[in-house]
Each structure stands twice: as C-alpha cells, then as structure tokens.
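Below: the structure, in structure tokens.
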Amino acid sequence: MTDTTTRLLIIGPPGAGKGTQAAQIAQRYGVPAISTGDIFRANIKGGTPLGQQVQAIIERGELVPDTLTNEIVADRLTQPDAAPGFLLDGYPRNVEQVHALDNMIEGDSLDAVVLLEVDTDAVVSRLLKRAELEGRADDTEEVIRHRQHIYAEQTAPLVELFSERGILVAVDGLGTVEEVAERIATGLDSLLTSKAGR
Ligand SMILES: Nc1ncnc2c1ncn2[C@@H]1O[C@H](COP(=O)(O)OP(=O)(O)O)[C@@H](O)[C@H]1O
Ligand SMILES: [Mg+2]
C-alpha cells in the first residue's frame with residue numbers, strides 16, 4: 001500500500017514567520033500544525049510541571065533538553081489528529097532530534113521541509129515589535145541574539161542534511177504573508193507531486 005500521510009517541517013531562524021506560515025500550510029494539506037514552542041508556552045502559562053521545568057530555560061533562549069523535547073513530540077504524534085500526517089514547527093532543532101524523529105516514525109520521517117529564508121538583522125526588529133504586542137519573555141534583544149546564535153550553530157546544519165535527502169524547499173521569507181504563503185505552496189506542491197510520481 002502506498003503511504004498517504006503528509007509529514008512536513010517548517011524551519012528557519014527565530015522571527016522568520018514560521019508560526020504564521022505553519023497555520024496556512026497545515027490547513028492546505030489537512031494536517032495539524034505542531035509547534036514545540038507553543039506546547040512549551042501553553043504549559044508555562046498553565047503552570048504545569050512541564051511548564052515549571054522549562055520556563056527558565058526558554059526565558060534564557062536555551063534549548064530544552066533533547067530527551068524531554070523528544071518525549072513531548074513522540075507523545076503528541078500519537079494523537080489521533082496526527083494520523084494523516086503533521087506539520088512540525090520548531091522541531092527537530094538539532095541533529096539529535098532529527099535522529100529521534102527518524103526513530104519515532106516508520107518509513108520516511110519527513111516528506112518535505114520548508115526553509116524560510118530571512119535576513120537575521122531584519123528579523124530582530126520584527127521580534128522586538130512582537131515583544132511589544134505579545135510580551136514573549138524570550139523576545140528581549142539579548143535573548144533574541146542568543147536564540148539566533150543557537151539557530152546558526154545547531155539548527156542551520158540540518159538544512160544540508162534535508163537537502164541531501166532531497167526534501168528541501170527553500171523559500172524567500174521576505175514579503176507579505178500571502179506572497180510567502182504562495183511561494184511555499186508552489187514549492188511544496190511541486191516537490192510532493194514529483195515524489196508521488198516516483
Ligand atoms: N525542538 C526544541 N528543542 C529544544 N527547545 C525547544 C524546541 N522547540 C522550542 N524550544 C524552546 O522554546 C523556545 C521558543 O521556541 P519557538 O517558539 O519555536 O521559537 P521561534 O519560533 O521564535 O524560533 C526556544 O528558544 C527553546 O527554548
Ligand atoms: Mg515560532
């Protein structure tokens with residue numbers, strides 16, 4: 001039987017607009033958008049044991065330990081709404097997490113990866129604006145710079161790995177939400193169609 005699931009990931013530096021685009025992609029492909037950052041923030045807000053465990057780490061802009069993050073994702077992916085597939089946002093974020101995801105899933109763990117490319121200086125001002133609107137504790141300039149540093153060191157290397165797997169769709173993240181969404185849809189459709197033909 002052919003695999004009819006759609007497993008997607010959106011990746012890119014902090015402030016690239018992943019969350020905004022994730023919602024649109026998820027709707028288009030009929031899969032849930034799963035954001036580890038959103039899961040952690042909801043737990044912090046709700047004062048759960050997990051929230052208490054990760055709050056200080058997130059406020060410093062550090063990564064939550066892999067074992068904990070992997071467990072959260074593995075659990076989330078067994079929920080019934082993820083049966084047709086998923087769009088991950090914020091996970092995997094390093095090589096260790098890629099291996100963990102590969103082990104969670106039978107067959108190809110990801111069908112396509114959208115890389116949202118933006119200029120990091122441009123996104124700092126975006127994030128500072130968001131901080132005024134949403135008041136995220138990790139959106140101070142110092143923490144933003146630290147998160148970008150971690151992205152460059154730990155997450156950016158994944159791009160080559162996904163490119164080697166032939167599943168990377170690189171998209172210019174500059175423009176209106178609609179313009180970027182259109183580019184993503186075009187790129188994803190063509191990759192997924194060419195894969196389906198194989
Ligand atoms: N996969 C992950 N591994 C470890 N920590 C994570 C992961 N996803 C989110 N976090 C924690 O949550 C914070 C916010 O994540 P996220 O909302 O994805 O940020 P952004 O979208 O701004 O890049 C991260 O800085 C990190 O502390
Ligand atoms: Mg986000």
Side-chain angles (χ1 to χ4, degrees), residues 7-26 32-46 48 50-77 86-105 109-110 113-159 161-162 173 177 180-181 184:
R7 301 179 181 123
L8 307 171
L9 162 67
I10 186 162
I11 195 171
K18 298 185 293 294
T20 305
Q21 295 300 331
Q24 311 225 8
I25 301 168
I34 298 174
S35 157
T36 42
D38 286 351
I39 293 172
F40 291 140
R41 279 186 291 276
N43 278 275
I44 292 171
K45 207 171 163 216
T48 69
L50 171 65
Q52 291 175 13
Q53 214 175 331
V54 302
Q55 181 163 21
I57 300 170
I58 288 180
E59 286 179 0
R60 286 197 303 270
E62 306 280 338
L63 293 190
V64 172
D66 290 331
T67 43
L68 182 57
T69 307
N70 293 335
E71 226 176 274
I72 301 298
V73 173
D75 179 68
R76 180 65 186 82
L77 293 185
F86 48 75
L87 169 67
L88 292 171
D89 164 12
Y91 180 96
R93 231 178 176 90
N94 59 31
V95 175
E96 172 57 35
Q97 293 181 7
V98 173
H99 294 148
L101 179 68
D102 287 343
N103 288 327
M104 279 173 219
I105 289 162
S109 59
L110 293 168
V113 175
V114 175
L115 169 65
L116 258 194
E117 297 183 299
V118 292
D119 176 73
T120 42
D121 284 328
V123 299
V124 173
S125 57
R126 240 197 228 185
L127 286 171
L128 289 173
K129 214 169 283 169
R130 179 173 79 185
E132 282 173 33
L133 298 172
E134 296 177 17
R136 258 177 64 166
D138 59 349
D139 274 349
T140 65
E141 182 154 4
E142 192 193 346
V143 176
I144 291 167
R145 298 268 181 216
H146 187 52
R147 280 158 52 210
Q148 286 181 332
H149 176 75
I150 290 182
Y151 177 82
E153 298 251 298
Q154 299 200 41
T155 312
L158 305 187
V159 170
L161 197 153
F162 296 133
V177 169
V180 177
I184 293 175

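Ligands are counted one by one from 1 in listed order, and the atoms in each one are counted from 1 as well.
- By the 6.0 Å contact criterion, CD on Glu71 is open, its count of non-hydrogen atoms from other residues, nucleotides or ligands being 12 or less.
- If you look at ligand 1, the protein residues with a non-hydrogen atom under 4.0 Å away are Pro14, Lys18, Thr36, Gly37, Phe40, Arg41, Ile58, Glu62, Leu63, Val64, Thr69, Gly90, Tyr91, Arg93, Gln97, Arg130, Arg136, Asp138, Arg147.
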Could you go step by step and tell me if Thr36 and Val73 meet the side-chain contact (heavy atoms from CB on, under 4.5 Å) rule? CA-CA 7 Å; Thr36 42; Val73 173; 3.5 Å; yes
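- Here Arg145 pairs with Asp121 in a salt bridge; the nearest charged N to carboxylate O distance falls below 4.0 Å.
- Considering only residues two or more places apart in sequence or on other chains, Thr48 meets the side-chain contact (heavy atoms from CB on, under 4.5 Å) condition with Asn43, Leu50.
- Residues forming a side-chain contact (heavy atoms from CB on, under 4.5 Å) with Gln154 (at least two apart in sequence, or on another chain): Leu63, Asn94, Ile150.
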What side-chain donor-acceptor pairs closer than 3.5 Å can you find for residues 124-133, not counting sequence neighbours?
| unit_1 | atom_1 | unit_2 | atom_2 | d |
| --- | --- | --- | --- | --- |
| Ser125 | OG | Ala122 | O | 2.9 |
| Arg126 | NH1 | Gly15 | O | 3.0 |
| Arg126 | NH1 | Ala16 | O | 3.1 |
| Arg130 | NE | Asp139 | OD2 | 2.9 |
| Arg130 | NH2 | Asp139 | OD1 | 3.4 |
| Arg130 | NH2 | Asp139 | OD2 | 3.4 |

